[in-house]
Amino acid sequence: MDLFYFVVFGALGAVVAALELSKTSKDRINTSPAFNSFKNNYLLVYSLMMAGDWLQGPYVYYLYSTYGFGKGEIGQLFIAGFGSSMLFGTIVGSLADKQGRRRACVTYCITYILSCITKHSPEYKVLMIGRVLGGIATSLLFSAFESWLVAEHNKRGFEQQWLSLTFSKAIFLGNGLIAILSGLFGNLLVDSLSLGPVAPFDAAACFLAIGMAIILSSWTENYGDASENKDLLTQFRGAAVAITSDEKIALLGAIQSLFEGSMYTFVFLWTPALSPNDEEIPHGFIFATFMLASMLGSSLASRLMARSSPRFLVAPSKVKGGRISFAGCLQLLGFCTFEACVGIFWPSIMKMRSQYIPEEARSTIMNFFRIPLNIFVCIVLYNVNAFPITVMFGMCSIFLFVASILQRRLMAISDKPKMESWTAMTERDPEAEPLND
């Protein structure tokens, strides 16, 4: 493996360690023992859930390619996952508000374990089923767990500011340290132990099963709006009214969709971008490097919240095979910069969602946010062979720029009073004019 990979990884690790060790009392929040126990339990579960997800990340594209599928067919499999998240995941995730967030978290574990099992088959139809199951699981991962945490945090009477601590720690661990260890562990299973590209998926299923056991034994159930007279259609209608009636919620959804759309496009394209001529690259180690960069971002975010991106797209060489090129080195550095921004994004968007989204329909609204995201990613993947990778990344840059403009607008109106409760909105006259901020 090239020395360059170790240099980048070591440099990022040194910066993260320096940031964490240099924290002062101004960068920390004093909390109670009861909250610490609650937080640690959630972080343990969340870390196991993310381990199950991150172990798969570096090897999905690679596994499909070893089964003999081309970029177009792999793109179709990815489309199935995002399309499933948009269609079925939105419905299943929204049921969490009515049927219980704890139950939805258990459903995530079961669904994702089944998705991992399908990876043993080289049959296209079986892999497609696995992608559909994975899409449903993804919707639950990014809505049910956060909804359970916010509701339980408020139910236990903890201070609102402490939520930002849990969010930043969850991203630092689950999207940072655990992701790094998952990348290195996956690299060990596939490259060092030569167990094949399906081995990380088996390991992921084991971690998900352990996390499910902890949820069943230690978590209590909580709901959004569990009233008997609220069917699923009424929940959807109420969530739509909430989004269209409060500019802050609408802006938050647009920012999330634009940023995550760019992020998921990056997830699909980083492998062919770094090895355009079939260069030999250590997928697991590079993935771990990206997650270390994300850790750096989350460490910066925790400091910012406690105190109340360039891309390099250089033409690849024409030589097939071999080691990573100089252009690839520049791209890797650019991708690490983007991952650092991702590390800042996650705890920040979580904190804003906890402030602006009404509790009664939290999971429903959060899954509504994922609809334009999934449509965007499906369109990109469907046309993956029609445009060069540089065009794809250029489009992502435009979306990120638009998201930054919307974020400035959200900051400008954030001091305005909150909207009326979601329950009141769904019960008022449907012909009434939308609320103004």
Side-chain angles (χ1 to χ4, degrees), residues 1 43-69 73-74 77-78 80-82 84-85 89 104-142 144-145 173-217 264 267-268 270-271 281-291:
M1 191 161 54
L43 291 178
L44 174 61
V45 171
Y46 186 78
S47 296
L48 289 168
M49 299 300 102
M50 294 308 298
D53 188 50
W54 289 125
L55 271 168
Q56 304 176 54
Y59 295 100
V60 176
Y61 190 103
Y62 179 56
L63 176 68
Y64 293 154
S65 64
T66 60
Y67 284 154
F69 300 114
E73 292 174 305
I74 296 174
L77 288 168
F78 273 76
F82 288 105
S84 168
S85 181
C105 293
V106 173
T107 302
Y108 160 79
C109 297
I110 296 173
T111 306
Y112 223 0
I113 289 173
L114 293 176
S115 176
C116 291
I117 293 174
T118 64
K119 297 302 188 293
H120 282 272
S121 174
E123 294 294 327
Y124 190 79
K125 292 182 179 178
V126 176
L127 294 174
M128 185 67 73
I129 293 173
R131 290 299 301 174
V132 172
L133 293 172
I136 295 173
T138 300
S139 286
L140 292 171
L141 175 62
F142 291 108
F145 287 89
L173 293 174
N175 288 31
L177 181 61
I178 296 300
I180 293 169
L181 295 177
S182 297
L184 297 177
F185 185 47
N187 201 72
L188 173 68
L189 294 174
V190 176
D191 295 334
S192 301
L193 300 180
S194 301
L195 297 178
V198 77
F201 297 91
D202 294 333
C206 294
F207 284 115
L208 292 168
I210 296 172
M212 181 172 63
I214 297 175
I215 292 173
L216 291 172
S217 62
Y264 283 117
V267 168
F268 178 79
W270 74 261
T271 295
I281 60 173
H283 295 83
F285 194 85
I286 291 176
F287 178 78
T289 303
F290 287 160
M291 295 305 100

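FYI, side chains are in, hydrogens and waters are out, and symmetry mates aren't considered; it's all heavy atoms of this structure.
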Between Gly174 and Met50, the two heavy atoms sitting closest are O-CB, 3.5 Å

Taking the side chain as C-beta and beyond, is there a heavy-atom pair between Phe285 and Leu184 under 4.5 Å? yes

Spatial distance of atom CG (Leu141) from atom SG (Cys109) [nearest 0.5 Å]: 9.5 Å

Looking only at heavy atoms, which two atoms of Pro197 and Thr66 are closest? And how far apart? CG-OG1, 3.9 Å

To the nearest 0.5 Å, what is the distance between OG1 on Thr111 and CG on Leu140? 6.5 Å

Could you tell me which non-hydrogen atom of Val132 sits nearest to which non-hydrogen atom of Ser84, and how far apart they are? O-OG, 2.5 Å

Minimum heavy-atom separation for Gly196 to Pro200, with atom names? O-CD, 3.8 Å

Taking Ser115 for its side chain and Gly130 for its backbone only, find out whether a donor-acceptor pair lies under 3.5 Å. yes

Is there a donor-acceptor contact under 3.5 Å from the side chain of Ser121 to the main chain of Thr118? no

Donor-acceptor pair, distance only, cut-off 3.5 Å: does the side chain of Trp54 make one with the backbone of Leu181? no

Val60, Ile117, Leu55 screened by side chain to side chain contact (heavy atoms under 4.5 Å, CB included) with Phe201, the one that passes: Val60

Can you name the residues that form a ring pair (Phe, Tyr, Trp, His ring centres under 6.0 Å) with Phe185, not counting sequence neighbours? none

Between Asp191 and Ser194, the two heavy atoms sitting closest are O-OG, 3.6 Å

Roughly how far, to the nearest 0.5 Å, is SG of Cys105 from CD1 of Ile214? 13.0 Å

Under 3.5 Å donor-acceptor, Ser65 side chain and Tyr62 backbone: yes

Going from NZ on Lys119 to CG on Asp202, what distance comes out if it is rounded to the nearest 0.5 angstrom? 11.0 Å

Could you list the residues that satisfy ring pair (Phe, Tyr, Trp, His ring centres under 6.0 Å) with Phe78, not counting sequence neighbours? Phe268

Does any part of the side chain of Asn187, heavy atoms only, come nearer than 4.5 Å to the side chain of Tyr59, both counted from C-beta? yes

If we check side chain to side chain contact (heavy atoms under 4.5 Å, CB included) with Tyr112, which of these qualifies: Met212, Met49, Gln56? Gln56

Within this structure, what is the CG-SG distance for the pair Asp53 and Cys116, rounded to the nearest 0.5 Å? 9.0 Å

Heavy-atom count check: over 12 atoms from other residues, nucleotides or ligands less than 6.0 Å from Tyr124 OH? yes

Roughly how far, to the nearest 0.5 Å, is the CD1 atom of Ile136 from the CD1 atom of Ile110? 12.5 Å

Are any of the side-chain heavy atoms of Ile178 and Met291 separated by less than 4.5 Å? no

Tell me, do Tyr108 and Ile215 make a side-chain contact under 4.5 Å, heavy atoms counted? no

Quick one: list whatever passes ring pair (Phe, Tyr, Trp, His ring centres under 6.0 Å) with Phe207, sequence neighbours left out. none

Side-chain contact test, heavy atoms from C-beta onward, threshold under 4.5 Å: evaluate it for Arg131 versus Tyr64 and give yes or no. yes

